[in-house]
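Notes for the one structure printed next.
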2 protein chains.
Amino acid sequence: MVSSKKELFTVEQQGAAELFKALAHPARIAILEYLATTRDCITGDISEILPLARTTVNQHLSALKSAGFIQGSISGAKTYYCIDPTKVEKLKSMTNNLLRELSDANPHCLCNDSSKPISHEDSDPLYGKQLP
Amino acid sequence: MVSSKKELFTVEQQGAAELFKALAHPARIAILEYLATTRDCITGDISEILPLARTTVNQHLSALKSAGFIQGSISGAKTYYCIDPTKVEKLKSMTNNLLRELSDANPHCLCNDSSKPISHEDSDPLYGKQLP
DNA sequence: AAAAAATAACGTATATTTACGTCAAAAATA
DNA sequence: TATTTTTGACGTAAATATACGTTATTTTTT
């Protein structure tokens with residue numbers, strides 16, 4: 001790998017990928033779910049819930065914060081974290097856009113075209129065969 | 001990192017994370033979008049569209065295939081890839097579940113509770129401050 | 001039968017993610 | 001004031017992802 005190459009795609013594609021990447025670990029899903037169900041959202045609490053060390057949880061929290069999914073507000077020694085509803089809305093609209101794109105155009109694909117019946121595992125004996 | 005730890009979360013959380021992970025790179029988003037708009041979905045075509053080498057594109061295709069987002073059917077020397085609409089539906093329902101979870105419960109959080117006004121960047125001068 | 005076309009497999013190098021321990025600093029408490 | 005609590009910063013090691021060139025194999029074309 002010489003460079004990252006991600007910047008060669010559209011900003012929409014990059015944005016979508018970043019959003020999904022933030023959710024691409026079960027710990028971060030769990031953190032968001034926990035934050036959604038409690039008022040007492042401090043780091044210590046979360047690391048007691050999750051099967052991970054506190055520093056690891058903190059790392060996941062940072063990732064979620066960088067992606068904009070959560071906000072943190074310091075109150076004394078404690079830091080309160082909570083979900084940013086704006087970002088959740090953005091995830092919703094962005095996912096809906098992508099899903100619409102993917103499902104609308106799909107019937108055009110050869111594999112799902114009923115006028116070309118010999119193309120899937122049901123009918124094609126070579127489906128899924130590895131080239132040796 | 002000793003072990004992966006991902007297996008310590010619920011299967012739902014793992015499944016969601018895997019699905020999102022498959023979409024966590026702009027190239028894979030671009031591939032899905034391209035597959036949605038064309039009938040001629042063979043590897044060579046896609047690598048001419050994307051700013052990546054053919055082998056790299058193939059790698060991303062494998063990732064999407066492993067995740068179940070695309071199917072491939074070999075016809076002669078060419079391999080035709082297409083989106084699996086079932087998986088797209090699964091992404092939709094799973095995302096909707098998560099979004100419902102996250103938006104429903106959010107008002108309970110302290111940070112978004114109007115009865116505790118001093119907690120966000122507008123009112124809290126310490127918001128976002130790094131502990132040095 | 002030989003050459004060309006197309007693809008997956010393999011190997012490799014670099015970058016990033018994941019997981020955690022240790023440490024220092026700020027605030028609360030004794 | 002000293003101790004405890006809480007947190008983020010830093011360093012590190014292993015795992016995984018990304019990007020690509022090379023190679024072998026199959027099919028098509030010549």
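Owing to the predicted nature of the structure, the values given are computational and were not obtained by experimental measurement.
Residue B:R54 places none of its side-chain N or O atoms closer than 4.0 Å to OP1 or OP2 of D:dA19. Put simply, B:Y81 has no side-chain N or O that comes within less than 4.0 Å of OP1 or OP2 on C:dA6. Checking the phosphate oxygens (OP1, OP2) of C:dA19, a side-chain nitrogen or oxygen of A:H60 falls inside 4.0 Å. A close approach under 4.0 Å does not occur between any side-chain nitrogen or oxygen of A:T56 and OP1 or OP2 of C:dT18. OP1 or OP2 of C:dA8 sits under 4.0 Å from a side-chain N or O of B:N58.
Nearest-nucleotide positions on DNA chain C place B:Q59 closer to the 5' end than the other of A:A63 and B:Q59. Remark on DNA chain D: of its neighbouring residues A:S62 and B:R28, the 5'-side contact belongs to A:S62, judged by nearest-heavy-atom nucleotide.
One interatomic measurement links the two molecules: NZ of A:K78 to C1' of C:dT29, which rounds to 12 Å at whole-angstrom precision. Rounding to whole angstrom units, NZ of residue B:K65 and C1' of C:dA9 are separated by 13 Å. Residue B:F9 contributes atom CZ, which lies 11 Å from atom P of C:dT18 at whole-angstrom precision. Atom CD1 of B:I74 is separated from atom P of C:dA8 by 7 Å (rounded to the nearest Å). When the P atom of D:dG8 is taken as reference, atom CD1 of A:I46 falls 10 Å away, rounded to whole Å. Between A:K6 atom NZ and D:dA19 atom P the separation is 7 Å, expressed in whole Å. Look at CD1 on B:I70: it is 13 Å from P on C:dT7, rounded to the nearest Å. Residue B:L61 contributes atom CG, which lies 16 Å from atom P of C:dA6 at whole-angstrom precision.
Contact check for A:L50 versus A:T56: no side-chain heavy atoms found under the 4.5 Å cut-off. At least one side-chain heavy atom of A:I70 sits under 4.5 Å from a side-chain heavy atom of A:L32. At a threshold of 4.5 Å between non-hydrogen side-chain atoms, the residues B:M94 and B:N97 do not count as touching. In this structure the side chain of B:Q14 never reaches within 4.5 angstrom of the side chain of A:I29, judged on heavy atoms. Proximity of B:F9 to A:L52: side-chain heavy atoms (C-beta onward) are separated by under 4.5 Å at one or more points.
For D:dT16, the paired base is C:dA15 (Watson-Crick or G-U wobble, both distances below 3.5 Å).
Residue pairs meeting the ring pair (Phe, Tyr, Trp, His ring centres under 6.0 Å) criterion with at least one member in residues 14-33 of chain B, sequence neighbours excluded, are A:F20-B:F20, B:H25-B:H60.
The nearest pair of heavy atoms linking A:E33 to B:L102 is N-CD2, 4.1 Å.
Of all nucleotides listed (C:dA6, D:dC20, C:dT18), D:dC20 comes nearest to the side chain of B:L52. Comparing D:dG8, C:dC20, D:dT27 by their nearest atom to the side chain of A:A53 picks out C:dC20.
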Next on the checklist: What verdict does the salt bridge (Lys or Arg N to Asp or Glu O under 4.0 Å) test give for B:K21 and B:E18, after you've listed the backbone C-alpha separation in whole Å, the side-chain angles of each residue and the deciding distance to 0.1 Å?
Outcome noted: CA-CA 5 Å; B:K21 193 174 191 174; B:E18 269 181 51; over 6 Å; no

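For residues 10-23 of chain B, proximity to DNA chain C is found at no residue, defined as any non-hydrogen atom under 4.0 angstrom from a strand atom.
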